[in-house]
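Note sheet for the following structure.
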Amino acid sequence: MTEQQQVAEPTSTEEPQVNAPAAAEADAQAAGRAETVTVSDGAVVAEAPVAEPVVPEPVVPRPPKDRRALRAVLRWTAAVGVFAAVATATTYGIAGMERTDVPGLATESDGRWEFPAFVRPPLPSGSPAPFAESNTANAHYADLRALLVPVPKGATQDKALRGSDGWLATKDYLAEYTVDDERQELGQRLVDDGLRHIAARGWTTPDGTRTRIYLLQFGTAAVADKEYATAAVPFGTPAYQVRGADGSTYDEDFSTRSAVSGLNRATYVEAKPYGPEQVRQGYVSAGDVVAVILQTRKGTAAAIPFQQTVTLQSQLLG
């Protein structure tokens, strides 16, 4: 039981006992007094009411109209100042970002292509992602044909690169290389390195840019890295000459900001003077896959679509 005792319901014919503390408190409230009733060892102690001094509300003189107007002006001036500061910071932030980092600024004027929405294909049940810790071979278990960059809107797909059931014959890939001896050497290298299969896709855009993408899959990432290092980029330049490319140099204008973690990438551009077409080449090593991306165009092959295609393909393989 607490200090304040509750009154039990009477169970006999005797007159009910009155809880003196409760009655005193009720009388006090009824009389409108502000005293506090407390209980200490069953005795009622009534504290004397404490009269609170009545403080009249201060009369605040209304400011003249010109002062109220001044306050309004000051408030708006402060608001404009804050807005200007925020706007300046936002403008600075946008100005310091790459165009591709700002939503809504990826306009067609920069030459990029519009690709349909796509996602990575699902993995077979129980299979890890290519760069998962449990995947020591860094193997791509998803269907390699589904890891190809889709054809951009407005482009015409190259049906010849579909191959049989989506797999391209090795001889069709080797046709990209112009020197007979080099083509034979590369073909034998692919056999020795245990090439499993090749998935390919190509298209031509209305401006005449022709794109070909080849995904070469090997048994392990170690073999793919060897192929990438010795065939694609042995001495800072492609080992085998692609058709139409008389001489290629490392593409120093390709931003490293678009690099995908865990992948190796090398890009080349045909140096001037070149023939009627310019050729751009990209090589990506991603686990057990080596991607070869080629773009050609009469006159000059634009840099933006090439960088866009290489980056998207890298992201799909990463």
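The shown structure was predicted, so the numbers you read here are calculated from the model rather than taken from an experiment. Just so you know, these numbers use all the heavy atoms, side chains as well, and skip hydrogens, waters and symmetry mates.
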Roughly how far, to the nearest 0.5 Å, is the [atom2] atom of [Y] from the [atom1] atom of [X]?
X	Y	atom1	atom2	answer
Thr204	Gln157	OG1	CD	10.5 Å
Asn264	Ser314	CG	OG	10.5 Å
Leu294	Thr309	CG	OG1	11.5 Å
Thr211	Gln308	OG1	CD	10.0 Å

Decide side-chain contact (heavy atoms from CB on, under 4.5 Å) for Trp113 and Leu312; before the verdict, give the C-alpha distance in whole Å, the side-chain angles of both, and the deciding distance to 0.1 Å.
CA-CA 11 Å; Trp113 293 335; Leu312 289 176; over 6 Å; no
Keeping [X] on the side-chain end and [Y] on the backbone end, is there a donor-acceptor pair under 3.5 Å?
X	Y	value
Gln307	Ser258	no
Gln241	Val179	no
Gln278	Glu270	yes
Asp288	His140	yes
Arg265	Gly282	no

Please enumerate all residues that pass side chain to side chain donor-acceptor pair (under 3.5 Å) together with [X], with sequence neighbours excluded.
X	result
Gln281	Ser248, Tyr283
Thr300	Tyr274
Thr209	Asp207
Asn135	none

Keeping to residues at least two apart or across chains, list the side chain to side chain donor-acceptor pair (under 3.5 Å) pairs with something in residues 167-179.
Tyr173-Tyr177, Glu176-Arg212, Glu176-Tyr214
What side chain to side chain donor-acceptor pair (under 3.5 Å) pairs are there with at least one residue in residues 227-236, not counting sequence neighbours?
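Residue pairs with at least one partner in residues 227-236: Arg189-Thr230.
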Identify the heavy atoms of [X] and [Y] that sit nearest to each other, and give their distance.
X	Y	answer
Val151	Pro116	O-CD, 3.4 Å
Phe131	Gly287	CZ-N, 3.6 Å
Tyr141	Pro128	CD1-O, 3.5 Å
Gly318	Pro130	O-CG, 4.5 Å
Gly111	Pro305	O-CG, 3.3 Å
Pro122	Ala142	O-CB, 4.2 Å

Atom pairs and distances, side-chain donor-acceptor, residues 232-239, under 3.5 Å, sequence neighbours left out:
none

Determine, using the 4.5 Å side-chain heavy-atom cutoff (strictly less than), whether [X] and [Y] are members of one ILVMFWY cluster.
X	Y	result
Val290	Ile213	no
Leu168	Leu148	no
Phe115	Ile304	no
Phe218	Leu317	no
Leu147	Val284	yes

Can you pull out every salt bridge (Lys or Arg N to Asp or Glu O under 4.0 Å) where at least one residue sits in [range]? Sequence neighbours excluded, please.
range	answer
residues 307-317	none
residues 118-141	none
residues 275-286	Asp251-Arg280

Might you work through the side-chain contact (heavy atoms from CB on, under 4.5 Å) test for Asp165 and Arg145, ending with a clear yes or no?
CA-CA 9 Å; Asp165 296 330; Arg145 296 165 292 186; 4.2 Å; yes
Just jot down the salt bridge (charged side-chain N to carboxylate O under 4.0 Å, His left out) partners of Asp225, sequence neighbours excluded, or say none.
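Result, salt bridge (charged side-chain N to carboxylate O under 4.0 Å, His left out) vs Asp225: none returned.
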Any side-chain heavy-atom pair of Pro121 and Asp143 under 4.5 Å
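They are not in side-chain contact.
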Check against side-chain contact (heavy atoms from CB on, under 4.5 Å), Gln313 and Leu215:
CA-CA 10 Å; Gln313 187 59 76; Leu215 303 183; 4.0 Å; yes
Which hydrophobic side chains are connected to Val269, either touching it within the sub-4.5 Å cutoff or through other members that do?
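Members besides Val269: none; it forms no cluster.
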Show the numbers, then the answer: is there a side-chain contact (heavy atoms from CB on, under 4.5 Å) between Leu190 and Leu174?
CA-CA 10 Å; Leu190 295 178; Leu174 293 174; 4.3 Å; yes
Salt bridge (charged side-chain N to carboxylate O under 4.0 Å, His left out) between Arg210 and Asp158: does it pass, once the steps are laid out?
CA-CA 9 Å; Arg210 182 168 174 252; Asp158 187 349; 3.6 Å; yes
